[in-house]
Amino acid sequence: MASTNKKLSGCYRRVLTFVLAVVAVSIIAGGVIYHRVGGPEGAHYWMAERALNGVEKHLKSKNRPDGISEDQVIAVFANVREAAKKRKVNLTSLYRVLKLYQTEFHTTKPSTPETQAFLIELERTILKDAVKE
């Protein structure tokens with residue numbers, strides 16, 4: 001009986017050590033990644049870029065009306081993405097525009113004027129001082 005208890009306590013100790021090591025490595029990796037994206041502000045811009053990528057992919061693959069060229073879509077998203085990398089975009093407006101697109105056109109295909117309005121609104125999220133001269 002004492003031998004069984006001794007074996008179990010040794011097993012628990014090894015499992016606990018392994019779990020603590022995994023948690024420590026996860027925390028360190030998370031901290032390094034968080035630091036690499038630029039802390040809280042960088043995380044917001046990183047998430048905005050991921051959202052831009054998702055909406056662009058959805059618009060190009062499924063929801064682009066015939067009146068809008070794929071090159072136009074790519075150009076607008078590239079401009080907004082570049083402004084986001086330079087931290088020259090209004091994140092609140094960007095999230096609002098992307099959310100509006102996702103709620104309205106997740107299952108339905110927008111018309112050409114709706115898509116043009118969306119692309120114009122998307123470009124308006126770029127701050128004025130970031131416009132190319």
Heavy-atom pair of closest approach, residues Pro65 and Thr112: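 Nearest pair, atom of Pro65 first, then Thr112: CB-OG1, 3.6 Å.
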Give me the atom names and distance for the closest heavy-atom approach of Ala51 to Leu98.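 That closest heavy-atom pairing would be CB-CD1, 3.8 Å.
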Inter-residue atom distance [X].[atom1] - [Y].[atom2], 0.5 Å rounding:
{"X": "Glu114", "Y": "Thr108", "atom1": "CD", "atom2": "OG1", "value": "7.5 Å"}
{"X": "Ile68", "Y": "Gln116", "atom1": "CD1", "atom2": "CD", "value": "4.0 Å"}
{"X": "Ile120", "Y": "Thr125", "atom1": "CD1", "atom2": "OG1", "value": "12.5 Å"}
{"X": "Leu59", "Y": "Phe105", "atom1": "CG", "atom2": "CZ", "value": "9.5 Å"}
{"X": "Leu52", "Y": "Tyr45", "atom1": "CG", "atom2": "OH", "value": "12.0 Å"}
{"X": "Arg87", "Y": "His44", "atom1": "CZ", "atom2": "NE2", "value": "10.5 Å"}

Note, [X] side chain near [Y] side chain (heavy atom, < 4.5 Å):
{"X": "Lys57", "Y": "Asn53", "result": "no"}
{"X": "Leu94", "Y": "Leu122", "result": "yes"}
{"X": "Val97", "Y": "Arg124", "result": "no"}
{"X": "Leu100", "Y": "Glu104", "result": "yes"}

Is it the case that more than 12 heavy atoms not belonging to Lys109 sit under 6.0 Å from its NZ atom?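 Yes - once you tally the heavy atoms of other residues, nucleotides and ligands closer than 6.0 Å, there are more than 12.
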Under 6.0 Å from the NZ atom of Lys60, do we count more than 12 heavy atoms belonging to anything else shown?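 More than 12 heavy atoms, drawn from other residues, nucleotides or ligands, come within 6.0 Å of this atom.
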Can you name the residues that form a ring pair (Phe, Tyr, Trp, His ring centres under 6.0 Å) with Phe77, not counting sequence neighbours?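 With sequence neighbours excluded, Phe77 shows a ring pair (Phe, Tyr, Trp, His ring centres under 6.0 Å) to no residue whatsoever.
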Run the numbers on Ile126 and Asn90 for side chain to side chain contact (heavy atoms under 4.5 Å, CB included), then give the verdict. CA-CA 6 Å; Ile126 299 173; Asn90 184 335; over 6 Å; no
Residues 16-34 side chain polar contacts: donor-acceptor under 3.5 Å, at least two apart:
| from | atom 1 | to | atom 2 | distance (Å) |
| --- | --- | --- | --- | --- |
| Thr17 | OG1 | Arg13 | O | 2.7 |
| Ser26 | OG | Val22 | O | 2.9 |

Will you find, in the side chains of His58 and Tyr101, an N or O donor that is under 3.5 Å from an N or O acceptor?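 Note: His58 and Tyr101 side chains meet the donor-acceptor criterion.
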Take Glu123 and Leu119 through the side chain to side chain contact (heavy atoms under 4.5 Å, CB included) test and state the conclusion after the steps. CA-CA 6 Å; Glu123 280 192 318; Leu119 294 175; 6.0 Å; no
Does a salt bridge link Glu56 with Arg81, judged by any charged N lying under 4.0 Å from a carboxylate O?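 Yes, Glu56 and Arg81 are salt-bridged.
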NZ/NE/NH1/NH2 to OD/OE distance under 4.0 Å, Lys85 and Glu82: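 Salt bridge between Lys85 and Glu82, a charged N being under 4.0 Å from a carboxylate O: no.
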